[in-house]
Amino acid sequence: MPHHFSPQVTGNTSNTAAGSAVQKAEDIVASMLAKGFVLGKDAVGKAKSFDEKHQLTSTASSKVASLDQKIGLSEKIGMGTTLVNDKMREVDQKFQVSEKTKTAFAAAEQTVSNAGSAIMKNRYILTGASWVTGAFNRVAKTAGEVGEKTKEKVAAEESGRHAAEGYSQIHDPSSPKAASG
């Protein structure tokens with residue numbers, strides 16, 4: 001077990017118990033995520049295989065392309081987009097919307113910056129912000145640890161599946177490996 005997963009030993013049994021509970025929770029979550037990932041990966045593989053066998057995607061794509069060619073939808077949408085963009089540019093130049101918006105955002109940004117500086121000078125707010133940052137960092141660290149455990153469990157789950165599939169192919173009388181062996 002990596003040392004960063006082990007609970008801290010400080011002589012306090014409740015701290016050790018809490019660390020052990022967190023470790024067990026991380027392990028359970030990682031196992032659930034790994035199994036879900038493997039199941040999802042298998043489902044996507046089977047769906048892809050089904051699609052390739054029945055050519056659903058390629059048939060649908062060719063039908064859409066044929067329909068588009070018949071009615072010229074892509075061309076009409078392109079012309080409409082160009083027309084709308086030209087009108088927007090014309091309105092913007094006439095009323096200077098972009099320039100006024102940039103100026104308003106700059107003023108708002110300056111006001112927020114000034115307010116933020118004043119707020120952060122308050123020691124109670126600074127202490128609270130530091131606590132929230134620390135809590136967020138601890139949660140992020142735990143999430144990273146769960147992610148690492150999940151990767152390990154996915155690899156173990158997949159290698160276990162591949163080993164099981166190899167075993168079933170060797171003992172399946174209809175498999176080519178069994179026939180040659």
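Annotation: side chain of E145 is in contact with side chain of K141 (closest heavy-atom distance under 4.5 Å).
Atom-to-atom distance recorded for T57:OG1 and D51:CG is 3.0 Å, nearest 0.5 angstrom. Between atom OG1 of residue T82 and atom NZ of residue K87 there is a gap of 13.5 Å, rounded to the nearest 0.5 Å. The distance from atom CD1 of I125 to atom OG of S130, rounded to the nearest 0.5 Å, is 12.0 Å. Residue I28 holds its CD1 atom at 8.5 Å from NZ of K24, rounded to the nearest 0.5 Å. Atoms OG1 and CG, from T142 and N137 in turn, are 10.5 Å apart once rounded to the nearest 0.5 Å.
Clustering of Ile, Leu, Val, Met, Phe, Trp and Tyr side chains at separations under 4.5 Å places M88 together with V84. Clustering of Ile, Leu, Val, Met, Phe, Trp and Tyr side chains at separations under 4.5 Å places F95 together with V91, V97.
In terms of the salt bridge (Lys or Arg N to Asp or Glu O under 4.0 Å) criterion, K48 has no residue partners (sequence neighbours excluded). Residues satisfying the salt bridge (Lys or Arg N to Asp or Glu O under 4.0 Å) test with K151, not counting sequence neighbours, are E148. Legend: residues meeting side-chain hydrogen bond (donor to acceptor under 3.5 Å, both in side chains) with K102, ordered by chain and number and at least two apart, are absent. For E52, the salt bridge (Lys or Arg N to Asp or Glu O under 4.0 Å) criterion is met by no residue, not counting sequence neighbours. Remark: D86 pairs with R89 by the side-chain hydrogen bond (donor to acceptor under 3.5 Å, both in side chains) rule, at least two apart or across chains. In this structure, the salt bridge (Lys or Arg N to Asp or Glu O under 4.0 Å) partners of K35, at least two apart in sequence or on a different chain, are E157. Applying the side chain to side chain contact (heavy atoms under 4.5 Å, CB included) rule to L73 yields the partners D68, I71, I77; only residues at least two apart in sequence or on another chain are considered. Partners of L126 under the side chain to side chain contact (heavy atoms under 4.5 Å, CB included) rule, at least two apart in sequence or in another chain, are M120.
Proximity of a side-chain donor or acceptor of S113 to a complementary backbone N or O of E109 within less than 3.5 Å is not detected. Between the side chain of S66 and the backbone N or O of S62 there is no donor-acceptor pair closer than 3.5 Å.
Side-chain contact, Q23 with D27: no donor N or O sits under 3.5 Å from an acceptor N or O.
Residue pairs meeting the ring pair (Phe, Tyr, Trp, His ring centres under 6.0 Å) criterion with at least one member in residues 36-76, sequence neighbours excluded, are F50-H54. Residue pairs that meet the ring pair (Phe, Tyr, Trp, His ring centres under 6.0 Å) test with at least one member in residues 114-159, sequence neighbours left out, do not exist here.
For the pair K149 and A30, the tightest heavy-atom approach, listed with the atom from each and the gap, is CB-CB, 3.4 Å.
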